[in-house]
Amino acid sequence: DPKIIQKPKYLVAVTGSEKILICEQYLGHNAMYWYRQSAKKPLEFMFSYSYQKLMDNQTASSRFQPQSSKKNHLDLQITALKPDDSATYFCASSQQDSGNTLYFGEGSRLIVV
Amino acid sequence: GDSVTQTEGQVALSEEDFLTIHCNYSASGYPTLFWYVQYPGEGPQLLFRASRDKEKGSSRGFEATYDKGTTSFHLRKASVQESDSAVYYCALNTGANTGKLTFGHGTILRVHP
């Protein structure tokens with residue numbers, strides 16, 4: 001059973017719309033992250049949360065907003081979607097005081113038309 | 001900023017061939033180096049890591065040695081199998097507890113029976 005659940009696996013959105021990508025982890029970790037994988041680009045770090053607090057934000061656009069309602073949840077809200085936002089978004093988690101190895105979910109593939 | 005450069009594109013081998021995927025890095029400080037593997041439809045998963053000069057990481061027959069002098073962490077396997085076909089990513093982390101990884105572009109390994 002996957003320990004990091006991302007929903008949906010695939011979605012198609014219209015330019016200008018808003019979507020929320022869901023992430024739940026059942027590894028008991030205290031840190032969670034979002035990464036993006038766009039065509040022809042390497043995996044890029046977006047955000048890190050530790051104990052539900054934002055630690056690092058490398059996303060220039062405020063259209064991307066992480067939301068942590070519970071300590072094992074880190075959702076990603078994306079507003080005013082653009083075709084350039086098309087990518088696979090990976091959620092990851094780690095235990096920061098124990099080696100900090102990242103475990104990734106299976107990803108949510110977003111296509112903006 | 002930090003960067004990782006690895007063998008570009010695709011590596012095509014036959015079973016039992018020797019594999020080398022090159023990885024060179026540029027980073028401030030003393031990074032931890034990683035190799036991740038990604039199978040179709042899945043998120044990246046850690047193969048192994050190394051934190052000190054001359055340290056060897058290894059897993060499932062793959063290995064790499066941290067070389068600070070040449071800023072390299074080349075992935076090697078003596079005898080590949082068809083099941084090793086996947087995308088391999090070299091990555092680094094300069095902050096011990098940030099979980100912020102800088103990835104290379106990835107190298108596609110295809111092993112033919």
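Below, chain A is the first sequence line, B the second, and so on; all start at residue 1.
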Determine, using ring centers only, whether A:Phe45 and A:Tyr35 are less than 6.0 Å apart. yes
Contacting moiety of A:Tyr103, where chain B heavy atoms sit under 4.5 Å: neither
Do you see a donor-acceptor pair shorter than 3.5 Å between the side chains of A:Gln77 and A:Gln67? yes
B:Tyr30/B:Tyr66 aromatic ring centres below 6.0 Å: yes
Tell me, side chain or backbone of A:Glu44 under 4.5 Å from chain B's heavy atoms, or both, or neither? neither
Atom pair CG/NZ of A:Asp56 and B:Lys100 - distance to nearest 0.5 Å: 5.0 Å
Please classify the contact of A:Ser94 with chain B as side chain, backbone, both or neither, using a heavy-atom distance under 4.5 Å. neither
Answer key: most heavy-atom pairs under 4.5 Å with chain A among B:Val4, B:Thr102, B:Leu101 is B:Leu101
Between A:Gln58 and chain B, with a heavy-atom cut-off of 4.5 Å, which part of the residue counts as in contact: side chain, backbone, both or neither? side chain
State which residue, out of B:Phe62, B:Trp35, B:Tyr36, fulfils the ring pair (Phe, Tyr, Trp, His ring centres under 6.0 Å) condition with B:Tyr88. B:Phe62
